[in-house]
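Quick note on labels: first sequence line is chain A, next is B, and so on, each numbered from 1.
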2 protein chains.
Amino acid sequence: MSTCIVSTETIGEKLRSIRKDKELTLRKVASLLDIDFAILSKMERGERRITKEVVLKLADIYKYDAEALLVLFLSDKILFEIQDEDLGIEALKVAEERAKFVKANKKK
Amino acid sequence: MSTCIVSTETIGEKLRSIRKDKELTLRKVASLLDIDFAILSKMERGERRITKEVVLKLADIYKYDAEALLVLFLSDKILFEIQDEDLGIEALKVAEERAKFVKANKKK
DNA sequence: ATACATGTTGACATAATGTGTCAAAATTAG
DNA sequence: CTAATTTTGACACATTATGTCAACATGTAT
């Protein structure tokens, strides 16, 4: 059996597992974020949308790689858009080409 | 100068150019779609969200490759999610790996 | 120029969705 | 058991999306 490179975790699940590792409670972290702990609970379980700002604050609170969390956060949003579309992967490739094109042509 | 493979057109712009090629009016196409022509106008210009259903109906009306339009439609939505994020392209790659993983592991 | 077809824009009411707050119920740990 | 933690749902409110419509602008032909 090989180690799985691709994470099957959503950003919410990832944030939860990090919080557990740090042995922090929802109440504690939520208070640091200045939000209701019920909302954080729902964010971790994918019932409420997570914002970029929350991800960055949690990266800071948990002392965790912010870029890695942001990439997971963004890929979550991307995957949500293609859901179970048969053409999802092809659309991802086209999107990547278009993104590269935009990046290469944008002025500083 | 080389031909550009990557389309810089949005799905709306593409649908408009197809309609122009077919020499159809907003009013005519909108009536076939059973929607107000003002909405179709806004969809073509990116002011209103386009649904998958509308894309498929237009592919039928225009006798245009539905898959190609769907891929453009989906890539539009994907690009909207990553907007001008620095980590956008990396997130796209991660999303693609995750999508492939899901596809490979899903039961029939 | 008028007359007519086409396309754009904004206002408006309504529908749908998202958000914060809270409390009760459920779960877990000691 | 008690206590801490988490989950769930209800609710009011805000934000956003949607359909309808009319006014305005543009273009074309005669």
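- Atom CG of B/Leu40 and atom P of D/dT20 are 14 Å apart (whole Å).
- Between the CG atom of A/Leu24 and the C1' atom of D/dT5 there is a distance of 13 Å, given to the nearest Å.
- The CD1 atom of B/Ile11 lies 8.5 Å from the CG atom of B/Leu58; values are rounded to the nearest 0.5 Å.
- As a whole-Å value, the separation of A/Asp34 CG from C/dG20 P is 11 Å.
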Nucleotide N/O of nucleotides 25-30 of chain C paired with protein N/O under 3.5 Å:
none

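- No more than 12 heavy atoms of other residues, nucleotides or ligands sit less than 6.0 Å from atom CG of B/Asp34.
- Enclosure of atom CD in B/Glu9 by more than 12 non-hydrogen atoms of other residues, nucleotides or ligands within 6.0 angstrom is indicated.
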When the side chains of residues 20-29 of chain A are checked against the rest of the protein, which donor-acceptor pairs come out under 3.5 Å, sequence neighbours left out?
{"from": "A/Lys22", "atom 1": "NZ", "to": "A/Tyr62", "atom 2": "O", "distance (Å)": "3.0"}
{"from": "A/Thr25", "atom 1": "OG1", "to": "A/Lys28", "atom 2": "N", "distance (Å)": "3.0"}

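- For A/Ala66 against A/Leu56, the heavy-atom pair with the smallest separation is CB-CD2, 4.2 Å.
- Counting distance only, with no hydrogens placed and no angle test, the side-chain atoms of A/Lys42 and the base atoms of D/dG9 include a donor-acceptor pair under 3.5 Å.
- Listed nucleotides C/dC22, D/dT7, C/dG7 differ in distance to B/Thr25; the shortest reach to its side chain belongs to C/dG7.
- Rounded to whole Å, atom P of D/dT8 lies 12 Å from atom CG of A/Leu26.
- To the nearest angstrom, C1' of C/dT6 lies 14 Å from CD of B/Glu23.
- Summarising the geometry, the separation between CG on B/Leu33 and C1' on D/dT20 is reported as 17 Å, rounded to the nearest angstrom.
- Following rounding to the nearest Å, B/Met43 (CE) and C/dT9 (C1') show an atom-to-atom distance of 17 Å.
- In terms of heavy atoms, B/Phe73 sits closest to B/Ile50 at CE1-O, 3.1 Å.
- Considering only the side chain of B/Arg27, C/dG7 comes nearest among C/dG7, C/dT21, C/dT9.
- Between B/Ser41 and C/dG7 there is no side-chain polar atom (N or O) within less than 4.0 angstrom of OP1 or OP2.
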Indicate every side-chain donor-acceptor pair of residues 83-91 of chain B with a distance under 3.5 Å to a residue at least two apart or in another chain.
{"from": "B/Glu85", "atom 1": "OE1", "to": "A/Lys52", "atom 2": "NZ", "distance (Å)": "3.3"}
{"from": "B/Glu85", "atom 1": "OE2", "to": "A/Lys52", "atom 2": "NZ", "distance (Å)": "3.2"}

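- For B/Arg45 and C/dT9, the shortest distance from a side-chain N or O to OP1 or OP2 is below 4.0 Å.
- Here OG of A/Ser41 is found 10.5 Å from CZ of A/Arg48. Values are rounded to the nearest 0.5 Å.
- Looking at residues 10-21 of chain B, you'll see that no heavy atom sits under 4.0 Å from any atom of DNA chain D.
- Atom CZ of B/Arg45 is separated from atom CG of B/Leu15 by 13.5 Å, given to the nearest 0.5 angstrom.
- In the helix from C/dA1-D/dT30 to C/dG30-D/dC1, the terminal helix axes, each the rotation mapping four pairs' C1' atoms onto the next four within five end pairs, subtend 30°, rounded to 10°.
- Of the possible donor and acceptor atoms, none in the side chain of B/Glu81 sits under 3.5 Å from a partner among the backbone N and O of B/Ile78.
- A/Leu79 and B/Ala95 make their closest contact through CD2-O, 3.4 Å (heavy atoms, listed as atom of the first residue, atom of the second, distance).
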Output a table of nitrogen or oxygen pairs between the protein and nucleotides 16-18 of chain D separated by less than 3.5 Å.
{"from": "D/dA17", "atom 1": "OP1", "to": "B/Arg49", "atom 2": "NH2", "distance (Å)": "3.1"}

Worked check of salt bridge (charged side-chain N to carboxylate O under 4.0 Å, His left out) between B/Glu97 and B/Lys93 | CA-CA 6 Å; B/Glu97 290 308 309; B/Lys93 289 174 183 169; over 6 Å; no
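- Using a 4.0 Å cut-off between charged side-chain N and carboxylate O, B/Arg16 and B/Glu44 make a salt bridge.
- Here C/dG10 presents its P atom at 16 Å from CG of B/Asp36, a figure rounded to the nearest Å.
- Listed here is the closest heavy atom pair of B/Leu92 and A/Glu96: CD1-CA, 3.6 Å.
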